[in-house]
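Have a look at the structure below before the remarks.
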Amino acid sequence: MSALGELRRLRSAKGGTTVASKAAKQEERAAYLFLLPWLAGLVLITAGPMAISFYISLTDYNLLQAPEFVGLQNYLDMLGDDRLQNSLRVTFVYVFVSVPIQLAAALAIAVLLNRGMKGLAFYRSVYYLPSLLGGSVAIAVLWRTLFGSDGIVNRGLAVLGVENAPSWVADPSTALGTLIILNVWTFGAPMVIFLAGLRQVPASLYEAASVDGAGRWRQFTRITLPVITPIIFFNVVLQIIHAFQAFTQAFIVSGGSGGPSDSTMFFTLYLYQTGFGNFQMGYASAMAWVLLIIIAAFTAINFWASRFWVFYDD
Amino acid sequence: MTTETTTAARRPRPFLVQGVKHAVVIAVGVLMTYPLAWMLVSAVRDEGGIFSNAGLLPIGGDFANFAEGWDSSDFPFSRYLVNSSLVALGAIVGNLVSCSMAAYAFARLRFRGRRAFFAIMLLTIMLPIHVVIVPQYVIFSQMDWVNTFWPLVVPKFLATDAFFVFLMVQFIRGIPRELDEAARIDGAGFFRTWASIILPLMRPALVTTTIFTFIWTWNDFFSQLIYLADPSMYTTSVALRSLVDSTSASAWGPLFAMSVVSLLPVFIVFLVGQRYLVQGIATTGGK
């Protein structure tokens with residue numbers, strides 16, 4: 001069961017029973033004690049700051065002077081903020097180009113590895129490693145060099161006879177592409193999830209299909225894909241949420257600027273610059289709420305659309 | 001495995017198909033690991049060598065880059081490694097204690113609001129940190145916690161990494177209830193049951209949590225960038241970033257060497273704990 005399946009199940013479940021015995025009371029008291037750290041965290045680290053964040057988003061606040069209430073001004077300002085709208089566009093391109101490619105690669109390799117591949121554990125590790133390292137500063141540094149004017153990519157191209165290739169990270173038309181490649185490179189984590197899901201496809205289904213004369217491709221589209229739609233759904237939701245929050249890669253590759261020409265200015269990076277570079281905390285908080293609403297909206301759309309293509313067997 | 005034997009028995013797969021599959025998997029694997037190998041090799045190569053040679057053999061390799069990179073910022077790189085380790089250690093202890101407590105309550109105990117709290121907990125897994133970072137920063141700076149490790153560690157003691165609560169709930173549900181019920185009948189309180197029955201039995205989940213917390217904390221950049229502004233408090237992530245800023249375009253050797261140093265702990269943890277990592281994402285991600 002994934003976290004998403006869990007939520008789905010909670011929504012359809014009926015209310016619990018309340019027993020008022022002494023033992024039950026004791027159990028309840030113990031439960032709240034065990035939950036105390038989590039409850040404190042919910043109030044102090046998550047829900048409380050969220051409420052404050054919403055209030056700050058309605059103010060002008062630079063950390064030094066008291067917040068000044070401005071109503072929805074910050075939100076209205078966003079409508080006329082070209083850099084912000086550009087950052088949204090950059091983020092959308094990043095999310096909706098890199099996530100589908102990443103998941104397609106993850107699924108393709110998982111299917112290749114799944115059925116009777118020798119050395120599965122080894123390959124799985126090799127493919128998984130980049131997802132563990134991919135979010136680090138060191139890998140972003142590596143990427144900046146790989147795709148630099150004198151980087152290994154251009155060296156390779158020169159060997160192939162392509163001269164005067166651009167500096168991929170310094171050219172506004174290609175810089176975002178290098179970040180998309182970096183995200184695709186980390187397909188190992190969703191791949192491992194796919195592998196776990198593929199293993200649960202009943203072998204009897206394949207046997208029946210091949211008795212009926214279905215070829216490999218037909219088996220894949222008619223059996224494998226439908227059965228693992230919940231896993232695909234889980235990966236889509238999670239990777240979209242992750243990709244919207246990408247930050248480190250763009251920050252390091254662009255040297256913190258989001259450049260060249262704002263071409264790698266992720267929404268999160270613009271938020272960081274606004275809040276922690278210019279100390280416009282009100283505007284930054286409003287941006288954070290917009291990000292939350294965008295992510296929530298896409299997650300909701302995903303859930304809504306899932307009823308048309310995700311098959312649950314429970 | 002049954003899939004493999006049954007289909008293989010019915011229709012012996014041609015050697016060629018297997019060969020092509022392996023070739024594809026190996027080719028993609030090489031392509032993916034090539035950048036890593038190149039970084040490793042570049043770190044031990046002299047300056048001219050990095051860009052003039054796309055190959056993997058360290059020509060004229062030495063460890064001068066490591067020596068140079070180690071001492072090229074305000075503090076020796078060991079300082080940053082220690083700082084990162086301290087933050088990671090605090091985060092690990094915090095997550096292990098607080099998440100396992102919350103998970104025990106969610107998985108085993110009945111209480112009012114359990115369903116609602118559980119749903120809220122699941123939702124917080126998906127909450128972007130950006131929504132809370134500004135007020136958190138305001139709060140922590142008023143507590144004078146900026147430039148300390150507290151903002152990075154204290155939240156972990158409050159089970160804010162809900163992902164691990166969920167992972168542990170899943171695991172505890174798989175432990176036969178009879179075991180902790182027997183302990184309760186023998187007179188053990190809830191705390192004793194948690195500490196001496198549940199915790200030992202959920203060791204794999206605790207190991208997975210430890211490994212993931214380590215890697216995520218070690219790789220974390222956003223919150224460390226925000227809270228650690230004083231070079232003496234820099235973690236490896238933040239130190240590497242400042243090293244990038246101060247590195248001229250021609251002197252990538254030392255920077256690469258320190259990048260390799262910063263990835264090494266993650267790599268070692270990966271090698272040692274990959275079984276738990278794979279199980280961890282498979283159980284929470286899978287159905």
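The analysis underlying the following values was restricted to heavy atoms, covering all of them including side chains, and did not include hydrogens, waters or symmetry mates. Within every chain, numbering begins at 1; the chains are lettered A, B, ... in the order of the sequence lines, protein sequences first and strands thereafter. In this text the structure is predicted, and so the values were computed from the model without any measurement.
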Criterion side-chain contact (heavy atoms from CB on, under 4.5 Å) against [X], the qualifying member of [options]:
X	options	answer
A:Val126	B:Thr33, B:Val30, B:Val25, B:Val28	B:Thr33
A:Leu133	B:Ile215, B:Asn219, B:Leu263	B:Leu263
A:Thr46	B:Leu158, B:Ile120, B:Leu127	B:Leu127

Just by modelled atom types, is the [Y] backbone N or O under 3.5 Å from a matching donor or acceptor in the [X] side chain?
X	Y	value
A:Ser53	B:Val131	yes
A:Trp185	B:Met32	yes
A:Tyr127	B:Gly29	yes
A:Glu28	B:Arg112	yes

Got a sec, which residues hit salt bridge (Lys or Arg N to Asp or Glu O under 4.0 Å) with B:Arg241, two or more places apart in sequence or on another chain? B:Asp245
Taking salt bridge (Lys or Arg N to Asp or Glu O under 4.0 Å) as the test, write out the residues that go with B:Asp161, two or more places apart. B:Lys156
Chain B contact via [X] - which portion, at a heavy-atom distance below 4.5 Å:
X	value
A:Phe233	neither
A:Leu291	side chain
A:Arg124	side chain
A:Tyr61	side chain
A:Arg144	side chain
A:Tyr32	side chain
A:Phe251	side chain

Given A:Leu292, A:Leu142, A:Thr248, the one with more heavy-atom pairs under 4.5 angstrom with chain B than any other is A:Leu142
Most chain B-contacting option - heavy-atom pairs closer than 4.5 Å, from A:Gly119, A:Gly255, A:Ser125: A:Ser125
Using every non-hydrogen atom in the two residues, find where A:Gln245 and B:Ile129 come nearest and quote the distance to one decimal. OE1-N, 3.8 Å
For B:Val134 against A:Ser285, the heavy-atom pair lying closest together: CG1-OG, 3.5 Å
Report which part of [X] has an atom under 4.5 Å of a heavy atom belonging to chain A: side chain, backbone, both, or neither.
X	result
B:Phe157	backbone
B:Arg114	neither
B:Phe117	both
B:Met258	neither
B:Ser262	side chain
B:Leu255	side chain

Taking everything shown except A:Phe122 itself, do over 12 heavy atoms lie less than 6.0 Å from its CZ? no
Worked check of side-chain contact (heavy atoms from CB on, under 4.5 Å) between A:Thr268 and B:Phe222: CA-CA 10 Å; A:Thr268 54; B:Phe222 187 68; 5.7 Å; no
Can you find a pair of side-chain heavy atoms, one from B:Leu243 and one from A:Val141, that are under 4.5 Å apart? no
How far apart are the C-alpha atoms of A:Phe34 and B:Phe190, what are their side-chain angles, what is the distance that settles it, and do they pass the ring pair (Phe, Tyr, Trp, His ring centres under 6.0 Å) test? CA-CA 9 Å; A:Phe34 275 103; B:Phe190 289 104; 7.4 Å; no
Mind running side-chain contact (heavy atoms from CB on, under 4.5 Å) on B:Ile133 and A:Phe276 for me, showing each step along the way? CA-CA 10 Å; B:Ile133 195 75; A:Phe276 299 92; 4.2 Å; yes
Could you walk me through whether A:Leu129 and B:Phe267 satisfy the side-chain contact (heavy atoms from CB on, under 4.5 Å) test, starting with their C-alpha distance in whole Å, then the side-chain angles of each, then the deciding distance to 0.1 Å, before giving a yes or no? CA-CA 8 Å; A:Leu129 180 62; B:Phe267 186 68; 3.6 Å; yes
